Amino acid sequence: MTYRTHMIVGLSLLVGAVTACSNPSEPADTATAEEPQRTLTLYSARHYDSDKALYAMFEEQAGVKLDVRESKADQLIETMKAEGDQSPADVIITADAGSLWRFQDAGLTQAVASEDLSAIVPQNYRQSQGHWYGLARRLRGIAYDPARWSAEELATWDMLAEDVKSGEICVRSSSNIYNLSLMSEIIHRYGADDAQAWATAIVGNMARNPQGGDTDQIRAIAAGECSIAIVNHYYWVRLGASEKEADRNVATSTTFLVPEFSEGSGSHVNITGAAISATADDVALAEEFIAFLLTETGQSYLTRDTKELPLLDGSALPDGVENVPEFTASDTSLDIYGENQAEAQRLFDLAGWN
Ligand code: FE
C-alpha cells in the first residue's frame, strides 16, 4: 500500500467517525465494535510463512484475534502439561497422526463430534471420536535410483525385505514418528511377529546405520551410498523445487513411488491435523477455525510451502507435487498409528533398528 492510499483510508475513517458522532440519536449500530474481540490461541508445531498469511486471513474474515505459539510437538505437550487447567491453548496443529495421538494420550485434547468437520473430512482422515481432524496429507514412500530398480521391484513394503536389497536401504532412526506410524500399520496388517521379521530384514538390508532426516536419505542415493530411501513425499518434492541446482539434480536423479502393503491394499497415508484442546472454552470458534483451514483457500495455503497434499479432493496441488504418482489410501484407521505406537518402538528395538 502506498503512502497515498494510506492517506485516503485514513481520511475516510475520519469522515466515518465524524458522521457517526453527528447522529447521537441514532441506534447504537456501532455497539458490535465495542464487544470484546473473540480470541483463539493456537499451538502449532508448524512454522511456515504461508500459514501466517492464512491465519491473517482468518483474523480479518472472522473478526478473531489469533494468538499463535509455535514449538516442536513434544515441547508443546510438555508446555500444556505444565499449564494444566490454565492452558490458554484452544487449537493444536501438528504433523503425523502418531503425534496428534500423543496429545490425545496425554489428555490434552477433547472429543468433538463435529457435524461440520465430519462432513468435510473423510472418516479415514480423522480420529474416530473426533479428537483430531486431518488438514493435509503426507505419504511415506520410497525414493530410489531408477538406474538400479524398476517400480515393479519396489511395489510393496515387503519387497524391501528381500535379500536382493541387501546393503541398499537408507532410512532414519526408528524413534522418528514417521517410521513409528508406518510400523504401526504394518503391525495392524500382519501382526507383531511378521512386523518384527520385516523390521529385522530391513535392518539387514541397510546401507548404513540410521542417521539424519529424510532429505539426508535422498541425498545419500545421489552420493552412491544406497539406492533406496524410505522418505516422506514432500522432502523429495522440495528438493525438486529448490533454488539450488544441486538439490534439483538430487531429485531428478531419483524417482519417488508410494508402495502398497500387498497388491490392491492401498498405501500408508498420514496427515497433518488439528485438535481442539481439552481446555478450549469456545469450541464452536475452534471448529470454525478448523473448518476455515479446510476451505479451498485454507488447503492451498497449508500445502503451498510444505508440499503436502491437500486433504480435500479437487483442491489445487502445490507446485511440484504433480510428480508424485497416483495412489490409493489404505482404509486403516489413523487411530492405529497411535494405538500401536509403543509396540512399534518395542519391535524396532528388538529388530536392532536404532
Ligand atoms: Fe517432516
Side-chain angles (χ1 to χ4, degrees), residues 42-52 54 68 70-77 92-103 125 132-144 157 169-185 210-221 228-242 244 247 250-251 254 256-259 267-275 293 299 301-311 317-321 323-324 327 329 334 337-338 341 344-345 348 353:
L42 171 63
Y43 279 20
S44 175
R46 287 163 58 107
H47 45 84
Y48 296 95
D49 289 345
S50 52
D51 286 4
K52 292 189 174 75
L54 180 61
V68 183
E70 295 179 347
S71 201
K72 291 192 168 164
D74 290 341
Q75 181 57 53
L76 290 174
I77 290 174
I92 301 151
I93 293 180
T94 188
D96 204 291
S99 178
L100 288 156
W101 179 85
R102 286 180 181 176
F103 286 88
Y125 295 137
W132 28 270
Y133 292 86
L135 298 173
R137 295 175 297 173
R138 36 191 40 236
L139 304 168
R140 194 143 189 79
I142 296 171
Y144 66 98
W157 288 108
I169 298 175
C170 282
V171 63
R172 71 198 300 173
S173 77
S174 68
S175 61
N176 175 261
I177 196 74
Y178 310 151
N179 285 337
L180 288 169
S181 289
L182 174 62
M183 185 61 160
S184 292
E185 182 163 9
Q211 57 189 267
D214 280 8
T215 306
D216 298 311
Q217 316 309 321
I218 308 170
R219 291 190 197 285
I221 296 176
I228 299 165
I230 301 175
V231 295
N232 285 359
H233 83 275
Y234 51 85
Y235 293 106
W236 182 76
V237 172
R238 287 181 205 168
L239 280 171
S242 170
K244 295 180 192 153
D247 285 348
V250 168
T254 58
F256 185 84
L257 65 73
V258 193
S267 297
H268 178 77
V269 178
N270 216 314
I271 57 166
T272 283
L293 302 178
Q299 292 288 284
Y301 277 75
L302 281 177
T303 58
R304 190 189 77 186
D305 291 355
T306 67
K307 305 300 183 187
E308 290 172 296
L309 298 163
L311 190 102
L317 291 177
D319 291 343
V321 170
N323 297 323
V324 173
F327 66 95
L334 295 184
Y337 299 8
Q341 192 174 109
Q345 187 65 71
F348 274 146
W353 187 324

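All values below come from the heavy atoms of this structure, side chains included, with hydrogens, waters and symmetry mates left out. Quick caveat: nothing in here was measured; it's all calculated off a predicted structure. Nothing fancy with the numbering, it's 1 onward along the sequence. Atoms within a ligand are numbered from 1 in the order they appear, just like the ligands themselves.
Asp305 and Arg238 are not joined by a salt bridge, as no carboxylate oxygen comes within less than 4.0 angstrom of a charged side-chain nitrogen. Ion pairing between Glu185 and Arg140 fails under the 4.0 Å rule for side-chain N and carboxylate O.
Within the protein, the N, O or S atoms lying under 2.8 Å from the Fe ion (ligand 1) are Tyr178 OH, Tyr234 OH, Tyr235 OH.
Gln345 and Ser174 share a side-chain donor-acceptor pair at under 3.5 Å. Side-chain contact annotation: Asn176 with Tyr178, donor-acceptor N/O pair under 3.5 Å absent.
Counting heavy atoms from C-beta on, the side chains of Pro310 and Leu317 come closer than 4.5 Å.
Residues that satisfy the side-chain contact (heavy atoms from CB on, under 4.5 Å) test with Arg102, not counting sequence neighbours, are Asp74, Ile77, Ile177, Leu180, Gln341.
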